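In this text, all values refer to a predicted model and were calculated from it rather than measured experimentally. Note that these values count all heavy atoms, side chains included, but never hydrogens, waters or copies made by symmetry. For this chain, numbers begin at 1 and follow the sequence in order.
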Amino acid sequence: MFENLEIFKMAGDMARHAVTRQEVIAKNIANADTPEYRAKDIASFARTYEQASGTTMRATRAAHILDPKDAAADYGVFETSGATSPNGNTVSLETEMMKSSQVRHEHDLALAIYKSSMNILRTSIGRA
């Protein structure tokens, strides 16, 4: 009955997206002095979740829709635009730190959604 609750899948996907984006940001910061390095980012969670989760269509049988987990693994890393330093590097430490702060907030939000959903579930079965 409780195996396929969409809210838990969404919260897990949101946390995984935040972790993946934090990895990309960390690589940008690590390569801040690398000549010709181009800063990268990934698509927003809303865009990737809409495309990968299958929320617009439901499978009526196992072979009906491809597994959304396979599509969710690729978040579409892309190069970001920005000012180029004399050595050709496009990483701005200030921008990356702001992105990092946003990602922390997104991860905290995912955990809050998960925790709130667990509390609602516990209350509904009488184990508050």
K.L.:
Can you name the closest pair of heavy atoms from His107 and Ala15 and give their distance?
P.N.:
CD2-O, 3.8 Å
K.L.:
Is a side-chain N or O of His105 found less than 3.5 angstrom from the main chain of Ser100, in a donor-acceptor match?
P.N.:
no
K.L.:
Quick one: does any side-chain atom of Asn89 pair with a main-chain N or O of Glu36 as donor and acceptor, under 3.5 Å?
P.N.:
no
K.L.:
Could you tell me whether the side chain of Ile7 reaches within less than 4.5 Å of the side chain of Ile113, counting heavy atoms only?
P.N.:
yes
K.L.:
Does Ser116 use its side chain to pair, donor to acceptor, with the backbone of Ala112 at less than 3.5 Å?
P.N.:
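Looks like no, no N/O pair under 3.5 Å.
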K.L.:
Would you compute the distance between atom CZ of Arg38 and atom OG1 of Thr80 and round it to the nearest 0.5 angstrom?
P.N.:
10.0 Å
K.L.:
Take Tyr37 and Thr90 through the test side chain to side chain contact (heavy atoms under 4.5 Å, CB included) and record every step on the way to the result.
P.N.:
CA-CA 7 Å; Tyr37 182 81; Thr90 62; 5.8 Å; no
K.L.:
How long is the straight-line distance from CG of Asp13 back to CZ of Arg16, given to the nearest 0.5 Å?
P.N.:
4.5 Å
K.L.:
In terms of hydrophobic clusters joined by side-chain contacts under 4.5 Å, are Met14 and Leu121 together?
P.N.:
yes
K.L.:
Could Asp108 and Arg104 be called an ion pair, given the rule that one side-chain N must be under 4.0 Å from one carboxylate O?
P.N.:
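Counted as a salt bridge, because a side-chain N and a carboxylate O are separated by less than 4.0 Å.
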K.L.:
When clusters are formed by joining ILVMFWY residues with side-chain heavy atoms under 4.5 Å apart, either directly or through shared neighbours, do Met118 and Met10 land in the same one?
P.N.:
yes
K.L.:
If we only count heavy atoms from C-beta on, is the Arg122 to Asn119 side-chain gap below 4.5 Å?
P.N.:
yes
K.L.:
Atom OH of residue position Tyr114 - does it have more than 12 heavy atoms of other residues, nucleotides or ligands inside 6.0 Å?
P.N.:
no
K.L.:
Would a single hydrophobic cluster contain both Leu109 and Ile25, if residues Ile, Leu, Val, Met, Phe, Trp and Tyr are joined by side-chain heavy-atom contacts under 4.5 Å?
P.N.:
no
K.L.:
Do Lys99 and Val24 have side chains that approach each other closer than 4.5 Å (heavy atoms only, starting at C-beta)?
P.N.:
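Not touching, per the 4.5 Å side-chain cut-off.
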K.L.:
Above 12 or not: heavy atoms from other molecules or residues under 6.0 Å from CG of Asn87?
P.N.:
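It does: Asn87 CG has more than 12 such atoms within range.
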K.L.:
Please report the closest heavy-atom contact between Val103 and Ala18, naming both atoms and the distance.
P.N.:
CG1-O, 3.1 Å
K.L.:
Atom NE2 in His17, atom CD in Gln22: separation rounded to 0.5 Å?
P.N.:
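Here the rounded value is 12.0 Å.
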K.L.:
Of all heavy-atom pairs between Ala39 and Asn28, which one has the smallest distance, and what is that distance?
P.N.:
CA-OD1, 3.7 Å
K.L.:
Check Ala11 against Ala110 and note the closest heavy-atom contact, atom names and distance.
P.N.:
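Heavy atoms only, the tightest pair is O-CB, 3.6 Å.
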K.L.:
So which pairs with a foot in residues 19-29 pass salt bridge (charged side-chain N to carboxylate O under 4.0 Å, His left out), sequence neighbours left out?
P.N.:
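Found Arg21-Asp41, Arg21-Glu106.
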